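Everything numeric here is computed off the predicted structure, so don't read it as measured data.
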Amino acid sequence: MSADEKLGLVYVPTGNATPDFYGAQRRPFDEAYASSIVAIDALTGEVRWKFQAVQQKYFTLLRG
């Protein structure tokens, strides 16, 4: 976790969603914030922006 006092943001890294292997058990929240960096307003707690590095992380099963 990191913060930018000038912008008033807290940067939070997130990990992968539940390992259900095909994605059927994942909730919309899991898909939206898994494998992301989320910028949260330090005063309000609202999400200002997010960057998702990998979407729907079940592609690794296809690798040998």
How far apart are the closest heavy atoms of Ala42 and Val10, and which atoms are they? CB-CG2, 4.1 Å
Glu46 side, atom CD; Ile40 side, atom CD1 - distance, nearest 0.5 Å: 11.0 Å
Report all side-chain donor-acceptor pairs from residues 1-9 shorter than 3.5 Å, counting only partners two or more places apart or in another chain.
unit_1, atom_1, unit_2, atom_2, d
Asp4, OD1, Lys6, N, 3.0
Asp4, OD1, Leu7, N, 3.1

Short side-chain to backbone donor-acceptor contact, Gln52 and Ser35, under 3.5 Å: no
Whether Thr14 side chain and Tyr33 backbone form a donor-acceptor pair below 3.5 Å: yes
